[in-house]
Amino acid sequence: MISPQDWPEPIIRVQSLSESCKDSIPQRYIKPLSDRPSINSILETINNIPIIDLRGLYSTNPHEKASTFKQISEACKEWGFFQIVNHGVSHDLMDLAKETWRQFFHLPMEVKQLYANSPKTYEGYGSRLGVKKGAILDWSDYYYLHYLPLSLKDYNKWPSLPPSCREVFDEYGIELVKLCERLMKVLSINLGLEENFLQNAFGGEDIGACIRVNYFPKCPQPELTLGLSSHSDPGGMTLLLPDDQIHGLQVRKGDNWITVKPVRNAFIVNIGDQIQVLSNAIYRSVEHRVIANSHKERVSLAFFYNPKSDIPIEPAKELVKPDKPALYPAMTFDEYRLFIRMRGPCGKSQVESLKSPR
């Protein structure tokens, strides 16, 4: 598979549509009935995803520490999602990161267009995922950047406005890499593996990390579309900094969509497809999507912590047993990511289609 060089159709910025479409949305954004959000799921905020206080990881009380490990283990198995508080990242930095990107999306269109992306690397200012001609599109724009490895980090792709953007995101990236490393140790120990197992499987210090800033403009018909279609994250682990004022993220739990109620100054953590493969499906990546909103715009920041792109990822040998055979063949993250990008968001069908025949 070769990555396409350009989009199959001219790109239209959803932010521009939001400003010009006062009463209705174009046909290209109207989802099939089965994919539209229901009123019930929009209102369902009672069954929130687990909220875990990470202070327990550093407690001198063995019971408190064991309880925190157990909460994370159960969340990874039962939800694939959880919120973390007292995670060690400065709240001021979190607020500054969100505000800096909100300022970018409020810049004049001709300034943002200087950073327009292509499907070759997806880096830059974008408005669609996947390259299928005639695809039904999502009601969002985004900005996508490589953070690690350093060989892929290209400051020419980073916005020069607002002036603080590059400095803020270097600092933000450093803090989130440290937090991901801590969580990877917890996940490894909970799987019964050596604490550095997952980190080493990802490439040790030579891992990949990307940032995608999502911008969800106001939508006149939120009941007909989605800000982001149902998908599971293709990488290893995602740390999402949500807009804590406006609900938008929904997580699939059985046959229901649960609208996540973000906790102030929390990160939302979710398991990606690569950890599902390495854990031989003990931990599972979970479908999620984003609903649109008719009253307010939303900005959220997704930090993707990924394996080195050319390392084959397969179930850990320690987790493969006669009664639990390996569910997935080895595949590099580069191969898997290209497979995903050609098809666009497709629920959980991407990782499920890789399962070895039994």
Side-chain angles (χ1 to χ4, degrees), residues 4 6-32 35-37 42 98-145 157 159 161-162 165 210-231 233 240-243 245-250 259 288-302 340-341 343-346:
D6 217 339
W7 303 110
E9 296 132 337
I11 292 293
I12 298 170
R13 301 302 176 192
V14 178
Q15 189 173 8
S16 298
L17 289 175
S18 174
E19 292 162 3
S20 62
C21 300
K22 298 302 181 189
D23 302 315
S24 62
I25 61 174
Q27 193 69 33
R28 286 294 305 274
Y29 296 86
I30 297 178
K31 303 291 181 184
D35 293 342
R36 293 178 197 172
I42 290 174
K98 264 192 295 196
E99 185 52 36
T100 300
W101 278 105
R102 194 182 299 277
Q103 288 174 22
F104 171 82
F105 283 104
H106 286 175
L107 290 171
M109 187 58 73
E110 60 269 21
V111 175
K112 296 192 290 258
Q113 285 291 97
L114 296 173
Y115 301 97
N117 72 349
S118 81
K120 184 169 170 55
T121 67
Y122 274 76
E123 276 192 284
Y125 177 46
S127 295
R128 70 177 289 169
L129 301 167
V131 292
K132 184 180 174 188
K133 191 168 184 178
I136 298 172
L137 303 175
D138 291 335
W139 195 261
S140 58
D141 299 321
Y142 64 87
Y143 206 106
Y144 181 79
L145 287 169
K157 299 283 175 77
L161 292 172
C165 189
C210 310
I211 296 166
R212 190 178 73 220
V213 186
N214 303 300
Y215 179 76
F216 303 102
K218 289 188 291 187
C219 177
Q221 293 179 297
E223 71 282 1
L224 298 182
T225 190
L226 288 168
L228 194 55
S229 292
S230 170
H231 65 288
D233 287 352
L240 180 74
L241 177 56
D243 189 321
Q245 302 301 310
I246 308 148
H247 305 154
L249 175 66
Q250 292 189 324
T259 304
H288 51 287
R289 66 185 188 183
V290 177
I291 54 176
N293 186 291
S294 59
H295 304 297
K296 290 186 177 177
E297 64 175 20
R298 289 177 61 249
V299 175
S300 67
L301 281 59
I340 294 271
R341 284 177 174 175
R343 300 172 71 190
C346 293

Response to the item:
Across all chains, not counting sequence neighbours, the side chain to side chain contact (heavy atoms under 4.5 Å, CB included) partners of Gln221 are Ser24, Ile25, Glu223, Leu224
Worksheet, complete the sentence: Applying side chain to side chain contact (heavy atoms under 4.5 Å, CB included) to Lys218 and not counting sequence neighbours gives Ser18
Within this structure, what is the [atom1]-[atom2] distance for the pair [X] and [Y], rounded to the nearest 0.5 Å?
| X | Y | atom1 | atom2 | answer |
| --- | --- | --- | --- | --- |
| Leu301 | Thr100 | CG | OG1 | 9.0 Å |
| Glu297 | Cys219 | CD | SG | 14.0 Å |
| Leu129 | Ser140 | CG | OG | 7.0 Å |
| Thr259 | His247 | OG1 | NE2 | 8.5 Å |
| Arg28 | Ile136 | CZ | CD1 | 8.5 Å |

In the structure I gave you, are the side-chain heavy atoms of [X] and [Y] within less than 4.5 Å of one another anywhere?
| X | Y | value |
| --- | --- | --- |
| Asp23 | Pro220 | no |
| Ile246 | Lys296 | yes |
| Leu249 | Leu240 | yes |

Do you know the tightest heavy-atom contact between [X] and [Y]?
| X | Y | value |
| --- | --- | --- |
| Thr225 | Leu137 | OG1-O, 4.3 Å |
| Arg128 | Tyr142 | O-OH, 2.9 Å |
| Lys31 | Arg36 | O-NE, 2.8 Å |
| Arg13 | Ala116 | NH2-CB, 3.5 Å |

Fill in: Test side chain to side chain contact (heavy atoms under 4.5 Å, CB included) applied to Val290 and Leu226, step by step
CA-CA 6 Å; Val290 177; Leu226 288 168; over 6 Å; no
Worksheet item: Does Trp139 have any ring pair (Phe, Tyr, Trp, His ring centres under 6.0 Å) partners at least two apart in sequence or in another chain, and if so, which?
Response: Tyr29
Side chains of [X] and [Y]: is there a donor and an acceptor less than 3.5 Å apart?
| X | Y | result |
| --- | --- | --- |
| Gln15 | His106 | no |
| Asn214 | Ser300 | yes |
| Gln245 | Arg298 | no |
| Tyr143 | Asn117 | no |
| Asp233 | His288 | yes |
| Ser229 | Asp138 | yes |

Discussion item. Quick one, Thr121 with Lys157, criterion side chain to side chain contact (heavy atoms under 4.5 Å, CB included). Give me CA distance, side-chain angles, the key distance, then yes/no.
Written reply: CA-CA 11 Å; Thr121 67; Lys157 299 283 175 77; 4.2 Å; yes
Practice prompt. Take Lys120 and Asp6, measure what side chain to side chain contact (heavy atoms under 4.5 Å, CB included) needs, and give me the verdict at the end.
Written response: CA-CA 7 Å; Lys120 184 169 170 55; Asp6 217 339; over 6 Å; no
Item to complete: Please say whether more than 12 non-hydrogen atoms of neighbouring residues, nucleotides or ligands are located less than 6.0 Å from CD in Glu110.
Response: yes
Worksheet entry | Cation-aromatic face contact Arg102/Tyr215, 6.0 Å, 45 degrees | no
Worksheet item: Where does the angle between the aromatic ring planes of Trp101 and Phe104 fall among parallel (under 30°), tilted (30 to 60°) and perpendicular (over 60°)?
Response: perpendicular
Practice prompt. Could you tell me whether Trp7 and Tyr122 have their ring centroids closer than 6.0 angstrom?
Written response: yes
Item to complete: Start with the C-alpha gap between Gln103 and Lys98, add the side-chain angles, then the distance that decides, and say whether side chain to side chain contact (heavy atoms under 4.5 Å, CB included) holds.
Response: CA-CA 9 Å; Gln103 288 174 22; Lys98 264 192 295 196; over 6 Å; no
Discussion item. I'd like to know if the side chain of Asp141 and the backbone of Ser127 have a donor-acceptor N/O pair within less than 3.5 Å.
Written reply: no
Worksheet item: Under 3.5 Å, side chain of Arg212 to main-chain N/O of Tyr144, donor-acceptor pair present?
Response: no
